[in-house]
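Here's the structure, in structure tokens; my notes come after.
Each residue takes its place number in the sequence, starting with 1. Not measured: the values here are computed from a predicted model.
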Amino acid sequence: MGYDESPSDKRRSSRGDDDGSYERDRRSRTMRRDDSHRRSDRRVEKSRSRSRDRRRHRRSRSPDDARQPRSTSRDRRRGKETEHRRKRSRDHERHGGRDSHRRRARDEDLDDRRDRDRGGKQIVKRNGPLPSQADSFAVTQGEEPQKPKEKPNYGNTGALAAASNSIVQSDGSRIVLKYHEPPEARKASPKDEWKLFVFKGEDIVDTVPISNRSCWLVGRELAVVDLPAEHPSISKQHGVIQFRYIEKRNEYGDNIGKVKPYLIDLDSANGTQLNGKAVPGSRYVELQDKDMIQFGQSTREYVVMLAPKN
């Protein structure tokens with residue numbers, strides 16, 4: 001005889017089945033969630049390990065390694081092509097130089113052959129403008145062309161300058177001046193009163209105010225000199241007292257100009273002395289207050305003095 005389940009048993013069995021399916025779903029969901037967590041943990045761990053590796057590699061590299069570019073196959077290929085072009089250009093220059101040398105030698109041989117064909121007459125090469133037709137014909141005939149005529153020279157010979165610096169005497173003779181004033185020649189300042197005292201022994205023979213002129217020529221040539229000196233040891237144009245404007249730089253860098261007297265010997269035969277010392281010829285020597293000058297072997301003394309200012 002069969003056994004029939006009651007409605008309460010049916011409900012109890014259906015409830016058990018529902019509980020089992022729920023438990024299975026819950027377990028599957030839990031397993032899937034755990035698997036996703038594990039995968040995410042693995043990804044995080046991998047990324048962390050890669051970051052650690054990069055940091056370790058970055059610390060291990062030196063600064064020089066960071067500066068050096070990476071060598072790639074493209075760079076190597078480009079370097080090979082560049083080296084190949086350089087080698088080809090060097091070979092071309094080497095062979096081209098040989099060809100040019102051979103070409104030059106061949107041209108020289110052709111020129112020599114042409115000269116021999118002409119009978120050994122070589123054409124004279126000249127610099128400058130082309131020669132005239134007559135000169136070209138003379139060269140081809142083996143003759144020397146005519147030399148050009150010398151042109152007149154209109155430059156200064158010095159004769160006119162000597163004539164312009166000369167004085168004509170009454171008898172028609174000329175006296176050439178040995179001295180010419182320089183561009184810096186000036187008269188002395190009116191505030192400076194220079195005088196020349198002529199002593200013979202202890203006596204004052206003459207007093208000459210020299211501030212009113214820029215140049216005083218001393219000598220025996222009465223026609224041209226400004227201060228006559230009759231001693232036979234003194235030359236006709238012996239020396240000069242010249243006032244000159246000279247600029248000098250002071251300690252502050254400013255240019256200060258002043259007119260001062262200077263003495264120059266005109267290469268005289270017996271010379272000039274300043275304060276007992278010989279004066280070099282054709283050279284200016286500055287004169288100071290109370291300087292004493294002697295011309296030749298004369299015993300007269302010329303003392304230069306500056307009057308005191310009021």
Side-chain angles (χ1 to χ4, degrees), residues 164-167 175-310:
S164 62
N165 294 299
S166 61
I167 296 176
I175 300 175
V176 180
L177 296 176
K178 294 176 62 178
Y179 179 77
H180 312 291
E181 289 193 76
E184 67 272 12
R186 302 285 191 281
K187 285 185 180 181
S189 174
K191 299 179 182 179
D192 298 334
E193 187 178 355
W194 291 90
K195 291 185 179 181
L196 187 65
F197 293 89
V198 183
F199 286 86
K200 187 175 182 179
E202 296 182 358
D203 299 331
I204 298 177
V205 178
D206 195 6
T207 302
V208 183
I210 58 176
S211 297
N212 55 359
R213 296 182 62 177
S214 61
C215 176
W216 293 85
L217 179 60
V218 183
R220 290 188 298 107
E221 194 72 62
L222 300 178
V224 296
V225 298
D226 303 307
L227 287 176
E230 299 178 354
H231 198 275
S233 63
I234 297 175
S235 302
K236 293 181 180 181
Q237 300 179 38
H238 194 97
V240 176
I241 297 175
Q242 176 71 62
F243 283 91
R244 303 169 63 208
Y245 177 79
I246 302 297
E247 287 187 351
K248 292 184 179 180
R249 192 181 298 272
N250 61 4
E251 58 183 353
Y252 302 105
D254 301 329
N255 290 330
I256 299 177
K258 193 173 183 181
V259 179
K260 294 182 179 180
Y262 288 81
L263 174 67
I264 183 172
D265 182 79
L266 302 178
D267 293 328
S268 60
N270 297 305
T272 305
Q273 293 184 356
L274 177 62
N275 298 326
K277 295 182 180 179
V279 176
S282 301
R283 187 174 299 177
Y284 287 107
V285 179
E286 183 180 350
L287 293 175
Q288 303 288 342
D289 186 23
K290 299 181 182 179
D291 278 349
M292 188 264 293
I293 306 170
Q294 286 182 300
F295 298 101
Q297 298 177 2
S298 176
T299 57
R300 293 195 178 191
E301 299 174 352
Y302 298 81
V303 180
V304 181
M305 297 191 70
L306 179 61
K309 297 179 182 180
N310 297 329

Residues which pass side-chain contact (heavy atoms from CB on, under 4.5 Å) with Glu301, listed by chain and number, not counting sequence neighbours: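 Applying side-chain contact (heavy atoms from CB on, under 4.5 Å) to Glu301 gives Phe199, Met292, Gln294.
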Residues at least two apart in sequence or cross-chain that pass side-chain hydrogen bond (donor to acceptor under 3.5 Å, both in side chains) with Asn275, listed by chain then number, are Asp291
Without swapping roles, check the side chain of Ser298 against the backbone of Arg300 for a donor-acceptor pair under 3.5 Å. yes
Using modelled atom types only, decide if a donor and an acceptor are shared between the side chain of Asn270 and the backbone of Gln297 within a distance under 3.5 Å.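 Side chain of Asn270 to backbone of Gln297: no pair is present.
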Evaluate the side-chain proximity of [Y] to [X]: yes if any heavy-atom separation is below 4.5 Å, no if none is.
X: Glu181; Y: Ser214; result: yes
X: Leu196; Y: Val303; result: no
X: Cys215; Y: Ile241; result: no
X: Leu263; Y: Ile293; result: yes

[atom1]-[atom2] distance between [X] and [Y], expressed to the nearest 0.5 angstrom:
X: Asn255; Y: Ile246; atom1: CG; atom2: CD1; result: 12.0 Å
X: Met305; Y: Thr207; atom1: CE; atom2: OG1; result: 10.5 Å
X: Ser211; Y: Leu306; atom1: OG; atom2: CG; result: 7.5 Å
X: Leu266; Y: Ile264; atom1: CG; atom2: CD1; result: 6.0 Å

What is the minimum heavy-atom distance between Ser235 and Ala269, and which atoms define it? OG-N, 3.4 Å
Which pairs of donor and acceptor atoms, one on a side chain in residues 216-226, lie under 3.5 Å apart (sequence neighbours left out)?
residue: Trp216; atom: NE1; partner: Ile210; partner atom: O; Å: 3.2
residue: Arg220; atom: NE; partner: Ile234; partner atom: O; Å: 2.4
residue: Asp226; atom: OD1; partner: Arg213; partner atom: NH1; Å: 3.2
residue: Asp226; atom: OD1; partner: Arg213; partner atom: NH2; Å: 3.0
residue: Asp226; atom: OD2; partner: Leu217; partner atom: N; Å: 2.9

side-chain hydrogen bond (donor to acceptor under 3.5 Å, both in side chains) partners of residues 183-197, not counting sequence neighbours, each pair once: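 Residue pairs passing side-chain hydrogen bond (donor to acceptor under 3.5 Å, both in side chains), neighbours aside: Glu184-Arg244, Asp192-Lys309.
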Applying salt bridge (Lys or Arg N to Asp or Glu O under 4.0 Å), which residue pairs with at least one partner in residues 250-273 are found, sequence neighbours left out?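 Salt bridge (Lys or Arg N to Asp or Glu O under 4.0 Å) check on residues 250-273 returns Lys260-Glu286.
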Not counting sequence neighbours, list each pair that qualifies as a ring-ring contact (aromatic ring centres under 6.0 Å, His included) and has a residue in residues 244-301.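 Listed once each, the pairs are His238-Phe295, Phe295-Tyr302.
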Under the rule for salt bridge (Lys or Arg N to Asp or Glu O under 4.0 Å), what residues qualify as partners of Lys178, not counting sequence neighbours?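 In terms of salt bridge (Lys or Arg N to Asp or Glu O under 4.0 Å), with neighbours along the sequence ignored, Lys178 is linked to no residue.
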Taking atom CD of Glu247 as the centre, report whether more than 12 heavy atoms of other residues, nucleotides or ligands fall under 6.0 Å from it. yes
